[in-house]
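Shown next, in structure tokens, is the structure this report addresses.
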Amino acid sequence: MKSSDFLISTVKEAPNDAQIISHQLMIRAGLISKLASGLYSYLPIGLKIIQKVEKIVREEMNKSKALELLMPIAHPAELWQESKRWEEYGPELLRFKDRHDRDFCFGPTHEEVITNIAKQYLRSYKQLPINFYQIQTKFRDEIRPRFGVMRSREFIMKDAYSFHIDEKSLDETYKVMYQTYCNIFDRIGFNYRAVLADSGAIGGESSHEFHVLADSGEDAICFSDSSDFSANIERTETLPQGEPNAPSKNLELIETPGVKTIADVCNLLNVKPTSSIKTLIVESEDDSLIALVLRGDHELNEVKASKIQGIKQPLQMTDEEKVLKKLGCSFGSIGVVNLNIPIIVDYSAACMSDFVCGANEDDKHYIGVNWGRDTKDIIASDLRNVVSGDPSPDGKGKIEIKRGIEVGHIFQLGTKYSDSMNANVIGEDGRAVNMNMGCYGIGVTRIIAASIEQSHDDRGIIFPEAIAPFELVIVPINYNKSSRVQELANQLYQDCQEKNIDVLLDDRKERPGIMFADSELLGIPHRFVLSDTHADNGKIEYKSRKSSDKIEVDYKEAVSFILDQFD
RNA sequence: CGGGGCGUAGCGCAGUCUGGUAGCGCACUUGACUGGGGGUCAAGUGGUCGCAAGUUCAAAUCUUGCCGUCCCGACCA
């Protein structure tokens, strides 16, 4: 490709709505263009990168024997009603009506459609296992799109769905997909980790997420410092702790005017947050209230809480008005003494003694509170997020926490969809069996942002070769004036193309500084510079985007040299 | 959904308080010089100041409403 035939739309200043580095660089390098909140056009150079990612994904998926197909973006409501997700999915499901007033939605994921296909075309266990995939645009009406294509409303995803006669077969394919994902992310050149994950709204049993490690990541990933345990914080368990110490203080009611927060209480009473508890009120399945209790310095883990029996799903915090009406106090004053609703206490709060809590009366707190003596019976449970230094759930070592960007997620769905949509095949014994399903996603567009987050410098993007918009850029100095330079550059360009190198010849009538800056901003991994001096001495200058060293290479050896540089 | 900010040329911004000829930088066009790190000079192109209504002789500027967009929050009581 010659620059003069291409669109290089780099800019010096990014629009001020770009917050994170990958978003800024994608705009500055001219990869994407914003159309509306959470909606981006992919400009030619951005699309070129997407296509490289897609090619890797396709090759590895095909190698795993998965079959590519393509499903519609618009889905009829009936399908989603059949799986119950028309009601369950919530406002992220963008719904609309056609001219006949029939309900539709934009597909945020395709379990319903693929199950419908499986139902029609899979009749016998002999056709199983089978794994279908597509690379296609998804739409999720995010509550708050941000960070460019990292959390956009429309995005490109590779989604695969496998069908099995039994769990064993599902397990086998799950392992194949796990390996396939490792192959894909290895080829892209990521520093990534596979971690145990919660299966979220899609539902199901076993699940792993693939995270690119980056400080800007939205997810917290927990690792053991002495085993290979790794999991999303959402599903990293905390372990039960010992029995509380015997009470040493009497229960005492104290005036705490205007005090609402844990920090305020602790300041006023001169105690540590670790000696206080906080009481959160959530809705139960039968629309009454349940109290969740945490140590003052801990955070509620909503995923854990919503899995506790009796708690309404999805987890719903009770609003302050209702708390005031039913418990007689506002949020900051709820406590566990004389609290006549079920009390579920996090393990690390359940082992406390002589602690501080609200008095269920505004402007008052209790001190010297002890479980049992001062409260009704409680249920101890795992409710909180782990914190750095907690013991690892596998009993080996301590937890460290890092940030990750989720680029892939694999699930074992079991028979959730085949049950609700009645997708069965005839088994060996002649009886109909609902198929086991697996589902496997990769965020194609997010991969690009993640790659940039992980690899950039103050000049711009540093793309790995595998997904760079071009592998090599040739920067001729004075191309438009020096016929010698022009000749040499054209010849080199042609030689590279013959070797299938994805090369960009920057033949613009620009000053060298601009061409250097652009190629660095775009993150092209390899660069040749050619000038009249080189024409004189038969040399050419090479520089890698990753290093600051410039190397002189014989012009005649240039093509074989560059092939040697490739990974 | 709650709170806040912003909306003026493709991008970044000033002008708004105190109403009176719409500006700057970058980019873009043409020419000259320059030619190994976003160069210099000169001359240009480009804006119904987010939309609508109102106040006024006069509105980018004041008032009201709406729309868009970004940030924070929407468990940490």
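The basis for the numbers below is simple: all heavy atoms, side chains too, and nothing from hydrogens, waters or symmetry mates. Everything quoted here is computed from the prediction, not taken from an experiment.
Remark: A:E218 CD is packed, more than 12 non-hydrogen atoms of other residues, nucleotides or ligands lying under 6.0 Å away. Within 6.0 Å of CG on A:D215 lie no more than 12 heavy atoms contributed by other residues, nucleotides or ligands. More than 12 heavy atoms of other shown residues, nucleotides or ligands fall within 6.0 angstrom of atom NZ in A:K97.
In terms of position along RNA chain B, the nucleotide closest to A:D17 lies nearer the 5' end than the nucleotide closest to the other residue of the pair A:F331 and A:D17. Along RNA chain B, the nucleotide closest to A:Q19 and the one closest to A:I262 are compared, and the more 5′ of them pairs with A:Q19.
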* Spell out protein contact along nucleotides 37-45 of chain B as letters: B when the base is contacted, S when just the sugar-phosphate is, - when no protein heavy atom is under 4.0 Å; keep the 5' to 3' order. => BBB------
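Ring geometry for A:Y542 against A:F561 counts as perpendicular: the plane angle is over 60°, on a 0 to 90° scale with 30° as the lower cut.
At B:G68, none of the side-chain N or O atoms of A:S37 fall inside 4.0 Å of OP1 or OP2 (strictly under the cut-off). Under 4.0 angstrom from either OP1 or OP2 of B:G36 there lies no side-chain N or O belonging to A:N478.
With P as the reference atom, B:C67 and B:C11 are 23 Å apart, rounded to whole Å. B:A22 and B:G15 have their C1' atoms separated by 9 Å, given to the nearest Å. Atom name P, nucleotides B:U40 and B:G36: the rounded distance is 15 Å, in whole Å. To the nearest whole angstrom, the two C1' atoms, one in B:G46 and one in B:A9, are 6 Å apart. As rounded to the nearest Å, B:U61 and B:C49 have C1' atoms that lie 10 Å from one another.
In this structure, A:V529 reaches the bases: a heavy-atom distance under 4.0 Å links it to at least one base atom across the strands shown. Looking at heavy-atom distances under 4.0 Å, A:S333 makes contact with sugar-phosphate atoms alone, never a base. At the heavy-atom level, A:L315 lies nowhere under 4.0 Å from the strands shown. Within 4.0 Å (heavy atoms only), A:A14 reaches sugar-phosphate atoms of the nucleic acid but no base atom. In this structure, A:I27 reaches neither bases nor backbone, as no heavy-atom distance under 4.0 Å exists between it and the strands shown. Across all strands shown, A:T261 has heavy atoms under 4.0 Å from sugar-phosphate atoms exclusively, and none from any base. As judged by a 4.0 angstrom heavy-atom cut-off over every strand, A:H365 is placed among residues making no nucleic acid contact.
Residue A:I49 is tested with A:I452, A:I448, A:I447 for a side-chain contact (heavy atoms from CB on, under 4.5 Å); the sole match is A:I448. No option in A:I405, A:I21, A:I20 other than A:I20 meets the side-chain contact (heavy atoms from CB on, under 4.5 Å) test with A:F147. For the side-chain contact (heavy atoms from CB on, under 4.5 Å) with A:V475, the qualifying choice from A:K543, A:M515, A:E541 is A:M515, the only one to do so.
Rounded to whole Å, the distance from CD on A:E510 to C1' on B:U29 is 13 Å. The NZ-P distance, from A:K539 to B:G36, rounds to 21 Å in whole Å.
In this structure, A:F528 has its ring center no closer than 6.0 Å to that of A:Y555.
Nucleotide B:A14 forms no Watson-Crick or G-U wobble pair with any nucleotide shown, as no partner meets the under 3.5 Å limit on both distances.
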